[in-house]
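Data first, discussion second: the structure below is written as structure tokens.
What's counted below: heavy atoms across the whole structure, side chains too, no hydrogens, waters or symmetry copies.
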Amino acid sequence: MTALIGFLMIALIVILLLKGKMSPIVVLALIPAAAALILGHGPQEVAGFIKDGIGTTTSNGILFIFSVIYFGVMSDTGMFDVIVNFLIRRAGNNVIAVTVATAIIATIAHLDGTTATTVLITIPALYPVYKAMNIDGKILLCLTGACMGVMNLLPWGGPVARAATVLAMDANELWHILIPVQIIGLIFNIVLAVLLGMLAIRQGAGAGKGEVVETDQKAKDEEAALRRPRLLLFNLALTIGLIAVLSVGYITSYVAFLLALSLALAVNYPSLKLQDKLIKKHAPAALMISATLFAAGAMVGVFDGTGMLTDMANAIMHVIPGFLGRFIHVIFGILALPLGLCIGTDAYFYGIMPLVMEVGETYGVASLSTALTMIIGKNLALMVSPLTPATYLAIGLTGTELKDHMKFSIPPYWLVSICMLLIGIVIGIIPVF
């Protein structure tokens with residue numbers, strides 16, 4: 001009975017999240033609570049499950065609040081614009097240099113872990129260059145998405161934070177394990193940029209072969225008031241220092257972001273009015289993600305408190321051939337990208353992954369190993385999934401059809417994800433036997 005209720009609960013959560021009929025916060029909190037009540041647990045007991053679950057997500061939720069606001073403020077200061085303009089000037093009229101610069105810009109732009117921000121920093125700046133040099137816009141989309149996917153392995157990236165919530169561990173600790181794989185992924189993206197640049201040349205790209213695209217000068221003028229070019233070195237030093245502190249784990253990640261954000265606001269915008277304006281500007285995105293994490297914690301608490309996952313895993317064991325059980329994490333790592341296309345991020349990490357982890361545990365596969373494989377592939381599906389709003393923003397900015405973007409980008413994304421998975425196995429991050 002417990003297993004049946006569990007399967008129905010996960011199916012309902014996935015369906016509601018895919019249909020977009022309710023907020024993820026509502027779905028992740030109410031459905032598990034209702035399932036626990038149906039199983040005979042009293043309201044006070046269910047409340048205890050939820051409290052315990054939310055307790056495991058507190059640090060990651062706070063991390064999201066301060067990290068999203070911090071990088072939003074850095075974008076307002078113009079720190080990313082200076083880097084983008086420098087790289088575009090250095091690339092000049094060299095097609096391959098432009099595609100490599102695209103990969104670098106998209107990588108840096110996604111330091112904030114927010115897809116829409118990365119798209120708005122990268123594509124409007126580079127699309128006129130692509131049009132002027134007759135480079136296919138699908139190449140710009142492909143490179144932006146690939147770099148976004150690999151950079152989303154950062155601890156304040158959505159997938160890592162979600163996986164850490166399910167694992168009941170700190171997102172920063174999970175990231176430290178993934179760093180070697182992330183570095184390999186970034187190298188693969190540069191190689192992909194070179195190959196796509198060569199493809200563009202074969203398609204006839206080059207200086208003076210395209211058309212000039214007019215830019216929205218009014219929007220640029222409105223943004224200029226917030227720019228702080230004289231403080232560029234300070235902002236760069238602050239951001240580099242912050243990432244260094246996070247890399248070594250010297251202090252708690254959300255404390256580091258809180259202090260860095262406070263310094264950034266105090267130095268760049270000493271006016272109380274401006275500080276309030278910028279915090280209010282970026283707070284909605286930060287709070288929505290954090291609230292979703294807390295709701296997911298409630299679901300995890302119900303999973304643990306009711307013993308639901310254990311019963312569901314036992315039911316699945318009767319179906320999966322024994323010789324495949326010990327490779328279940330690798331199988332789902334390979335299938336992660338196509339699954340990520342069809343299933344939204346919340347449904348994937350809070351609905352599918354906990355079940356796969358529990359099944360893997362019965363075959364001796366550590367939950368951490370399963371989480372690592374499922375994170376890698378899912379990330380690469382980030383900006384090619386029809387379930388991701390940023391996908392539509394990106395294709396709208398370049399005038400590309402979704403089907404064309406998917407046909408062009410899915411093969412290289414899947415290849416990069418599988419290569420990262422294999423590298424993780426080879427260097428021992430992901431054990432197979």
Side-chain angles (χ1 to χ4, degrees), residues 5-38 43 46-47 49-69 72 112-119 152 156-166 171 279-306 308 339-355 378-379 381-383 385-393:
I5 295 296
F7 284 122
L8 291 174
M9 184 189 82
I10 286 181
L12 186 57
I13 287 174
V14 171
I15 290 170
L16 289 173
L17 290 175
L18 286 177
K19 293 287 186 181
K21 298 295 184 182
M22 294 185 185
S23 165
I25 299 171
V26 176
V27 173
L28 294 171
L30 287 185
I31 303 302
L37 291 172
I38 291 171
V46 174
F49 296 157
I50 293 174
K51 178 183 176 183
D52 292 340
I54 292 177
T56 66
T57 68
T58 304
S59 62
N60 292 331
I62 299 172
L63 167 64
F64 252 104
I65 292 173
F66 294 124
S67 64
V68 171
I69 297 176
D112 69 339
T114 306
T115 53
T117 302
T118 306
V119 168
N152 224 31
W156 51 91
V160 172
R162 288 172 172 87
T165 298
V166 176
I279 291 173
K280 290 176 182 176
K281 175 183 176 182
H282 301 293
L287 291 175
M288 179 58 71
I289 298 171
S290 298
T292 303
L293 279 181
F294 293 141
M299 184 195 69
V300 172
V302 171
F303 270 145
D304 292 340
T306 60
M308 209 179 281
L339 278 175
L341 294 175
C342 306
I343 301 174
T345 304
D346 291 320
Y348 180 88
F349 283 102
Y350 300 140
I352 306 300
M353 193 176 79
L355 182 57
K378 168 63 178 173
N379 269 10
L382 188 64
M383 210 191 75
S385 171
L387 303 174
T388 304
T391 300
Y392 298 99
L393 175 62

Any side-chain heavy atom of [X] within less than 4.5 Å of one from [Y]?
{"X": "N152", "Y": "V160", "result": "no"}
{"X": "F349", "Y": "T165", "result": "no"}
{"X": "T118", "Y": "M383", "result": "no"}

With M299, the side chain to side chain contact (heavy atoms under 4.5 Å, CB included) member among V27, I31, L28: L28

Ring pair (Phe, Tyr, Trp, His ring centres under 6.0 Å) against F66, all qualifying residues, sequence neighbours excluded: none

Once rounded to the nearest 0.5 Å, what's the spacing between atom [atom1] of [X] and atom [atom2] of [Y]?
{"X": "I38", "Y": "T306", "atom1": "CD1", "atom2": "OG1", "result": "12.0 Å"}
{"X": "L16", "Y": "S23", "atom1": "CG", "atom2": "OG", "result": "11.5 Å"}
{"X": "M353", "Y": "R162", "atom1": "CE", "atom2": "CZ", "result": "10.5 Å"}

Can you name the closest pair of heavy atoms from [X] and [Y] and give their distance?
{"X": "I25", "Y": "A295", "answer": "O-CB, 3.7 Å"}
{"X": "N379", "Y": "P159", "answer": "OD1-CG, 2.8 Å"}
{"X": "S290", "Y": "G61", "answer": "OG-O, 2.8 Å"}
{"X": "V166", "Y": "Y350", "answer": "CG2-CD2, 3.8 Å"}
{"X": "V46", "Y": "A36", "answer": "CG2-CB, 3.7 Å"}
{"X": "A35", "Y": "M9", "answer": "CB-SD, 3.6 Å"}

Qualifying residues under salt bridge (Lys or Arg N to Asp or Glu O under 4.0 Å), relative to K51, sequence neighbours excluded: none

